[in-house]
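What follows is a single structure, written as structure tokens, with notes after it.
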Amino acid sequence: MHIGARQRSPITAVVVGLAGLAMLAGYLQKARCAGAPFDGVGRSLIFDRIKDTQVCYSDIQFLWLGRDVNLHVFPYVSGGINADGVLTGGTVEYPVLSGVLMWLGGIGSHTDADFLLHSALILAPFGLLTAWMLGRLAGWWALLWSATPPLVLYAFHNWELPVVATSVAAIFVMTLERIPLRTRAVLAAVLLAVGFCLKLYPGAFVLPLIAYVLTQNGTPERRYDVRGAVLVAVAAITTVVAVNLPFALISYRGWRASFTFQENRQADLTTNSIWYWGLRPLFGPVADDVPLPAYDQTVSLLSPLLVCTAFAIALRLGWSRFHRDGVYPWIAVSAAMLCGFLLLHKVHSPQYTLWLIPFFVLLRVPWGLVAAYLVADLSMGIGVFKYFGALAAQTDASTFEVLVKFGVWGRAGLLVVLFFVFLRATLRHPPVRGRTGPGSGRRPILKSPEPAR
């Protein structure tokens, strides 16, 4: 599996510069919801009035209150979750590294506007780093990251940029061919494990990475590199344990609360999932104030089961391609696994599109599919907040409901198609063969080892 020659610096500079402009626009868009006058706890009075109708809502600004960020409480070590499912004592609903980033953004903040600004300053370098790596790997194709609506809409909607950066960095590390494959793979596994400690999903990519190392670093005497595969797995597990163990030892209750919160979360109107719009009507009236225990139990059972099934199918089809082509397509399999997660998880927040964009950049996905997905995402990213605003104002929400449904079902259908397209995809740039050391007269080549024998 190859990624073509590293791109020239001017191309990368343009990609990074446009990413910076997109994130500036994204911050200014979100900041319309923040500013004086403030109430007694630092909440912008304008926030609740315009956050949905003006599409300037962000989880960052919203979570200034309710998670003790405004009180500068270090997360997880003193909190928990009560019988009503409310997080207490600084505990947040995200893995520990995201919680620490939230705490850092809160340091020195006295209002939600401060928190939004400080968080944006923390997150923006990760967006620029992602742009630089994608620019180096894919040249102008990286404009899909830097110059499309998702970066403007979602860069500072939640804490996604660091986790995307870890995923892309793992791929980037794997292209550094002067480093032995096992070493690269261990470093990549550590990065993916750090991503797991930010937002979970990159942890799944360790599985195809293990398969890649297993199949690509064999010898004539032993076809499979079992030792290398084990080292990758151990590196990932060790990293996750090292990051989480201090929190769990200090306060298991506070550390465990974030997982309990997500386990108990219902697939309601706010989740934008196929479960709410497709399955819930079969159990009773579609109204958020009507408890439907049977529906919640069904989703809690089926969603993780089907996500795991999608992962297994992607891994198995990747293995079939290895037997056909001699290379295990770990990046393509990772992309397909992400499609399965986005489709079948009970929460499909709009900003998750940022997770998917790097795979559009790196893999040969037909332009039509990319454009269609961006259109469906735009329909969701704008329509859902307009819909919430209309519901809150008790005005006609039918037009915005159509936009939401188009976004939900448009993304769902495209994710099914993308699942299989990714599994057949090759990397964006064709192989560039030849010697590439000092004095070779050629730019460095980003490629993985030759196919296994």
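- Between D225 and L181 the shortest side-chain heavy-atom distance does not fall below 4.5 Å.
- Looking at L391 and L269, their side chains come closer than 4.5 Å, going by heavy atoms from C-beta outward.
- The backbone N or O of I331 sits nowhere less than 3.5 Å from a side-chain atom of Y212 that would complete a donor-acceptor pair.
- Comment: K346 does not engage E263 in a salt bridge, judged by the lack of any side-chain N to carboxylate O separation of less than 4.0 angstrom.
- Using a 4.5 Å heavy-atom threshold, the side chains of L369 and P366 count as touching.
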Full working for side chain to side chain contact (heavy atoms under 4.5 Å, CB included) between S273 and V408
CA-CA 7 Å; S273 68; V408 169; over 6 Å; no
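- Aromatic ring orientation, W103 versus F74: perpendicular (interplanar angle above 60°, classes split at 30° and 60°).
- The number of heavy atoms from other shown groups lying within 6.0 Å of CZ (R227) does not exceed 12.
- Across every non-hydrogen atom of T91 and A257, the tightest pair is CG2-CB, 3.6 Å.
- A tilted orientation is assigned to the rings of W159 and F115, their planes being inclined by 30° to 60°.
- With S349 contributing its side chain and Y352 its backbone, the two residues share no donor-acceptor pair below 3.5 Å.
- Between W255 and Y252, the ring planes lie tilted relative to each other; the angle falls in the 30° to 60° range.
- A distance-only check finds no donor-acceptor pair linking the side chain of R280 to the backbone of D268 [under 3.5 Å].
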Let me see the working for I357 and F360 under side chain to side chain contact (heavy atoms under 4.5 Å, CB included), right down to the final yes or no.
CA-CA 5 Å; I357 295 293; F360 288 156; 3.9 Å; yes
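- In this structure, the side chain of Y76 does not engage the main chain of I250 through any donor-acceptor pair within 3.5 Å.
- The two residues G89 and V73 have their closest heavy-atom pair at O-CG1, 3.7 Å.
- Side-chain contact between M174 and L209: present, with at least one pair of heavy atoms (C-beta onward) separated by less than 4.5 Å.
- Atom CG of residue L302 and atom OG1 of residue T309 lie 10.0 Å apart, to the nearest 0.5 angstrom.
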Go through Y387 and D52 one step at a time and tell me if the side chain to side chain contact (heavy atoms under 4.5 Å, CB included) criterion holds.
CA-CA 8 Å; Y387 182 51; D52 293 324; over 6 Å; no
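- For T166 (side chain) and V163 (main-chain N/O), a donor-acceptor pair under 3.5 Å exists by modelled atom type.
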Tell me, with the steps shown, if W132 and F172 meet ring pair (Phe, Tyr, Trp, His ring centres under 6.0 Å).
CA-CA 10 Å; W132 180 82; F172 189 85; 5.5 Å; yes
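- Counted by atom type alone, H118 and S109 present one or more donor-acceptor pairs between their side chains at under 3.5 Å.
- With respect to D39 and R43, no salt bridge is recorded, no charged nitrogen being found less than 4.0 Å from a carboxylate O.
- Contact check for T271 versus R265: side-chain heavy atoms found under the 4.5 Å cut-off.
- With a 4.5 Å cut-off on side-chain heavy atoms, I382 and L403 do not count as touching.
- Under a 3.5 Å cut-off, the side chain of S44 and the backbone N or O of F38 do not form any donor-acceptor pair.
- Between the side chain of S379 and the main chain of V375, no donor-acceptor pair closer than 3.5 Å is present.
- For the residue pair Y154 and D377, a side-chain donor N or O sits within less than 3.5 Å of a side-chain acceptor on the partner.
- The structure places CG of N70 at 10.5 Å from OG1 of T111, a figure rounded to the nearest 0.5 Å.
- Between the side chains of R324 and S320, no donor N or O sits under 3.5 Å from an acceptor N or O.
- When all heavy atoms of V213 and A229 are compared, the closest pair comes out as CG1-N, 3.8 Å.
- Aromatic ring orientation, F359 versus F205: perpendicular (interplanar angle above 60°, classes split at 30° and 60°).
- Aromatic rings of H345 and Y201 (six-membered ring for Trp) have centroids beyond the 6.0 Å cut-off, not under it.
- Side chain of D325 to backbone of V327: no donor-acceptor contact under 3.5 angstrom is found.
- Contact detail for V92 and M102: the closest heavy-atom pair is CG1-CE, 3.8 Å.
- Rounding to the nearest 0.5 Å places OH of Y328 at 8.0 Å from OG1 of T215.
- In this structure, I122 CD1 and L117 CG are separated by 10.0 Å, a value rounded to the nearest 0.5 Å.
- The CG atom of L151 sits 11.5 Å away from the OG1 atom of T353 when rounded to the nearest 0.5 Å.
- The aromatic rings of H323 and W319 sit perpendicular, their planes meeting at an angle over 60°, well past the 30° parallel limit.
- At least one donor-acceptor pair under 3.5 Å links the side chain of W64 to the backbone N or O of V41.
- Cation-pi geometry between K51 and F62 is not met at under 6.0 angstrom from the ring centre and within 45 degrees of the axis.
- Side-chain atoms of Y94 and N158 include a donor-acceptor pair closer than 3.5 Å.
- Of all the heavy atoms in P329 and G318, the pair that sits closest is CD-O, 3.5 Å.
- Here the OG atom belonging to S303 is positioned 9.5 Å from the CG atom belonging to L343, to the nearest 0.5 angstrom.
- For the residue pair L418 and L356, the shortest heavy atom distance occurs at CD1-CD2, 4.4 Å.
- Side chain of N82 to backbone of G85: a donor-acceptor contact under 3.5 angstrom is found.
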For R67 and E93, run salt bridge (charged side-chain N to carboxylate O under 4.0 Å, His left out): C-alpha distance rounded to whole Å, both residues' side-chain angles, the deciding distance at 0.1 Å, then the answer.
CA-CA 9 Å; R67 303 295 185 268; E93 55 266 51; 2.7 Å; yes
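- Residues L338 and L342 are in side-chain contact: their nearest non-hydrogen atoms beyond the backbone lie under 4.5 Å apart.
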Evaluate side chain to side chain contact (heavy atoms under 4.5 Å, CB included) for R49 paired with L45, printing each intermediate quantity in order.
CA-CA 8 Å; R49 294 205 304 268; L45 296 181; 4.3 Å; yes
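- Using a 4.5 Å heavy-atom threshold, the side chains of I171 and W330 count as touching.
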